[in-house]
Visitor: 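Have a look at this one before I ask anything.
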Amino acid sequence: MASFSLHGIAVSQGIAIGRAHLMAPAALDVKHYLIAAAQVEAEIERLKSAVKAVHQELHTIRSELPKEAPPELGAFIDVHSLILSDPMLSEVPLDIIRNRYYNAEWALVTQIEELSAQFDEIEDPYLRERKADIQQVGERILKILTGTASHLPPTGEAAANIIVVAHDISPADMLQFRESSFAGFVTDLGGPNSHTAIVARSLDIPAAVGMHNASVLVKHDDVLIIDGDAGVVIVDPSPLVLAQYRARQERMLRDRKKLSRLKKTPAITQDGEPITLLANIELPGDATTAWEAGAMGIGLFRSEFLFMGRAGHLEKLPSEDEQFESYKQAVIAMKGRPVTIRTLDVGADKPLDADEETALNPALGLRAIRYCLSEPQMFLTQLRAILRASAFGPIKLLVPMMAHAFEIDQTLAMIDQAKQQLRERKQKFDEAIPVGAMIEIPAAALALPLFIKRLDFLSIGTNDLIQYTLAIDRVDHEVAHLYDPLHPAVLFLLSTVIAQGRKAGIPVSVCGEMAGDVKWTRLLLGMGLLEFSMHPSQILSVKNEVLNSDLRLLEPQVKKVLRASEPAAIRTAMTQLQALSAEPEMREAKVARRR
């Protein structure tokens, strides 16, 4: 068979080489037929029994989770249990059986497709990809109904050469064959924020998702190469290509061992400037992973994850006490290092109730702080929970998507109100808790004095800032190629915010994807950025770039990048910037002296 390659989305770095193991989705084998009225109750019982069996299955997986397992995994199982309990999945299909006389499998698939269509309307990529969780839960129920178990990869030494290929893989499925220690995985579905992608990063498994037809085009036992850095899968590679990738794989393993030595090394540039490397987390338990990776704090705790199991699922919102316990858990895990908690980033584009109408242009609608200010009781509940957790360690409160002075003032007034409510309850909190803003709207970047005058710190969300500046949806395949961090307008906004923040003596960090991508580390350092926040797995690679950088050399070259306007001139200046790195021997000698 001739070699060919598939292109998808890179979500977990590394090279994997092995043989394909296909997992077929049960939904493909579902039969559609009408039942007689006399069969309705029996069909309802069959579906109820399948749901009950999946409940037990998830409970068993959760209870048998090894202590050393990444904390994300248990939380994902909890989310799947919440979805399974939701009436939208557990009750509505029963009504379909009663009213339309569909067989159980058909009724379930019909409802899953309806829910998936609702999630497709959600603008935010992170929450839009949560439709995969509904589909994965539905898949587990279907496997019970159809009697088709997951064909899991082999265990033992043979698993080291296995690459799982599937339409989609749920976190629960990954847990079931976690002991297999397979080489990598490829899925048709998924994106950079899907649970599958997050699990891949937490387990440090090379992966490529969003391949569309990989599970159809790849045959069982095909030899595969996953280039996790490029999001490319090579099927039946030639001996020459295979040899090249094996050599790359060995180099990466050697480099990774070298990086692990930097875990306790301070992130200081060669000219002596200390750089703060922080972690982005979605779950309270992620804080432990961040601490172990050497993060100097949490630069972004996406609090909407606590609402995610309820968002769009008609579940009651998390209570103040429930939120408080989650925030407190993260604070305690960081052992005195600061935890920056972003207030709820949901809205018309990601409704908390599946029956809410979606805005005509949700990216520009009632979302983030706009939504929170329109729901003051919900917002006060979250603010009180965050404030209470600040009694157990340093917390910084980060507010998303502000653009107007009155939004800042109203938010600060709400924080004062929450503080007063806690004083009346005689509950402790940090009276001087720092409050900051996400700079992710061009208007905010261009009117920065409004923010500097009122707030304690700023955090640049490059994902949305680039998206809004260039007026493109980065996950829309039709325009995704226009998403360009090196566009002159983007570079101007980034450099302006960093420079104005430093001039005013207000801390500025970057918490978007640019912060964790080593391609941009020297560019951001040369702009004057001193705080980076990223996924914990990216910290050591970025630290290595910091240790290998001299700001005295970078700053003049970054000025050349910023002065350029033509794409070719910008790329040339960026190439020259990357070439400024010192020889590895110089870096290693300096690192040794710092130890």
Visitor: Supply the atom-to-atom distance Met402 CE to Glu407 CD, rounded to the nearest 0.5 angstrom.
Guide: 7.5 Å
Visitor: Quick check: do Leu455 and Ile408 have side-chain heavy atoms less than 4.5 Å from each other?
Guide: yes
Visitor: Is there a donor in the side chain of Ser319 and an acceptor in the side chain of Asp321, or the other way round, less than 3.5 Å apart?
Guide: no
Visitor: Report the distance from atom CZ of Phe457 to atom NZ of Lys396, rounding to the nearest 0.5 Å.
Guide: 5.0 Å
Visitor: Which residues pass the side-chain contact (heavy atoms from CB on, under 4.5 Å) test with Ala499, sequence neighbours left out?
Guide: none
Visitor: Would you sort out whether Ile395 and Leu387 count as a side-chain contact (heavy atoms from CB on, under 4.5 Å), showing the intermediate values?
Guide: CA-CA 8 Å; Ile395 283 181; Leu387 286 166; over 6 Å; no
Visitor: Kindly say whether Asp550 contributes a backbone atom to a donor-acceptor pair with the side chain of Asp271 at under 3.5 angstrom?
Guide: no
Visitor: Count the heavy atoms of every other residue, nucleotide or ligand shown that sit under 6.0 Å from NZ of Lys560, and state whether that count exceeds 12.
Guide: no
Visitor: For side-chain contact (heavy atoms from CB on, under 4.5 Å), just list the numbers for Leu523 and Met574, CA-CA rounded to whole Å, side-chain angles, deciding distance to a tenth of an Å, and then say yes or no.
Guide: CA-CA 8 Å; Leu523 175 67; Met574 281 295 295; 4.0 Å; yes
Visitor: Test side-chain contact (heavy atoms from CB on, under 4.5 Å) on Phe379 and Ile369 and set out the steps.
Guide: CA-CA 9 Å; Phe379 193 32; Ile369 190 57; 3.7 Å; yes
Visitor: Can you name the nearest heavy-atom pair linking Ala295 to Met334, along with the distance?
Guide: O-CE, 4.0 Å
Visitor: If every non-hydrogen atom of Glu440 is compared with every non-hydrogen atom of Tyr468, which pair is closest and at what distance?
Guide: O-CD1, 3.2 Å
Visitor: Between Asn280 and Cys511, is there a side-chain heavy-atom distance shorter than 4.5 Å?
Guide: yes
Visitor: Does some side-chain heavy atom of Ile298 sit less than 4.5 Å from a side-chain heavy atom of Ile281?
Guide: yes
Visitor: I'd like to know whether Asp464 forms a side-chain contact (heavy atoms from CB on, under 4.5 Å) with Ile441, so could you lay out the CA-CA distance, the side-chain angles of the two residues, the decisive distance to 0.1 Å, and finally the verdict.
Guide: CA-CA 7 Å; Asp464 272 343; Ile441 298 176; over 6 Å; no
Visitor: Mark yes or no for whether Asp517, through its side chain, and Met514, through its backbone, hold a donor-acceptor pair below 3.5 Å.
Guide: no
Visitor: Given 3.5 Å as the limit, does a donor-acceptor pair link the side chain of His535 with the main chain of Ser537, or not?
Guide: yes
Visitor: For Gln382 and Ser303, test the side chains for any donor-to-acceptor distance below 3.5 angstrom and give the result as yes or no.
Guide: yes
Visitor: If the threshold is 4.0 Å, N to carboxylate O, is there a salt bridge linking Arg423 and Glu431?
Guide: yes
Visitor: Between Phe429 and Arg388, is there a cation-pi geometry (under 6.0 Å to ring centre, at most 45° from the normal)?
Guide: no
Visitor: For Tyr327 and Phe301, take the angle between the two ring planes, folded into 0 to 90°, and tell me which bin it lands in: parallel under 30, tilted 30 to 60, perpendicular over 60.
Guide: perpendicular
Visitor: Under 4.0 Å between a Lys/Arg side-chain N and an Asp/Glu carboxylate O for Arg302 and Asp345?
Guide: no
Visitor: After noting the C-alpha distance and the side-chain angles of Ser533 and Ser509, does the key distance pass the side-chain hydrogen bond (donor to acceptor under 3.5 Å, both in side chains) rule?
Guide: CA-CA 7 Å; Ser533 191; Ser509 67; over 6 Å; no
Visitor: Considering non-hydrogen atoms only, spot the tightest contact between Asp430 and Pro434 and give its length.
Guide: OD2-CD, 4.4 Å
Visitor: How many angstroms lie between CD1 in Ile466 and CD1 in Ile472, if you round to the nearest 0.5 Å?
Guide: 8.5 Å
Visitor: Judged by atom type as modelled, is there a donor-acceptor pair below 3.5 Å linking the side chain of Asn548 to the main-chain atoms of Asn544?
Guide: no
Visitor: Can you confirm whether the side chains of Thr269 and Ser549 place a donor and an acceptor under 3.5 Å from each other?
Guide: no
Visitor: With distance as the sole test, does Lys543 use its side chain to make a donor-acceptor pair with the main-chain N or O of Lys263 at under 3.5 Å?
Guide: yes
Visitor: If you round to the nearest 0.5 Å, how far is CG of Leu458 from CE of Met438?
Guide: 11.0 Å
Visitor: Looking at every non-hydrogen atom in both residues, tell me the closest pair between Gly526 and Leu554 and how far apart they are.
Guide: CA-CB, 4.1 Å
Visitor: Any chance you could measure Arg552, atom CZ, to Glu273, atom CD, to the nearest 0.5 Å?
Guide: 11.5 Å
Visitor: Does the side chain of Glu545 reach to within under 4.5 Å of the side chain of Phe532, using non-hydrogen atoms?
Guide: no
Visitor: Drop me the distance from Glu320's CD to Leu383's CG, to the nearest 0.5 angstrom.
Guide: 10.0 Å
Visitor: Between the main-chain N or O of Gly512 and the side-chain N or O of Asn463, is there a donor-acceptor pair closer than 3.5 Å?
Guide: no
Visitor: For the pair Arg522 (side chain) and Leu577 (backbone), establish whether a donor and an acceptor sit closer than 3.5 Å, ignoring hydrogens and angles.
Guide: no
Visitor: Which atom names give the shortest non-hydrogen contact between Ile570 and Pro488, and what distance separates them?
Guide: CD1-CG, 3.9 Å
Visitor: Looking at every heavy atom in both Leu547 and Ala267, which two are closest together, and how far apart are they?
Guide: CD2-CA, 4.5 Å
Visitor: Does any non-hydrogen side-chain atom of Glu513 lie less than 4.5 Å from one of Pro485?
Guide: no
Visitor: Has the side chain of Gln323 got a donor or acceptor atom that lies under 3.5 Å from a matching backbone atom of Ile386?
Guide: no
Visitor: Is it true that a side-chain atom of Ser260 and a backbone atom of Lys257 form a donor plus acceptor pair closer than 3.5 Å?
Guide: yes
Visitor: Check whether Thr187 reaches the backbone of Val209 with its side chain - one donor and one acceptor, N or O, closer than 3.5 Å.
Guide: no
Visitor: Mind checking whether Thr469 and Leu465 have side chains closer than 4.5 Å, heavy atoms only?
Guide: yes
Visitor: Heavy-atom distance under 4.5 Å between the side chains of Thr340 and Leu300, does that happen here?
Guide: no
Visitor: Could Glu304 and Arg342 be called an ion pair, given the rule that one side-chain N must be under 4.0 Å from one carboxylate O?
Guide: yes
Visitor: Measure the shortest side-chain to side-chain distance between Thr343 and Leu397 over non-hydrogen atoms and say whether it is less than 4.5 angstrom.
Guide: yes
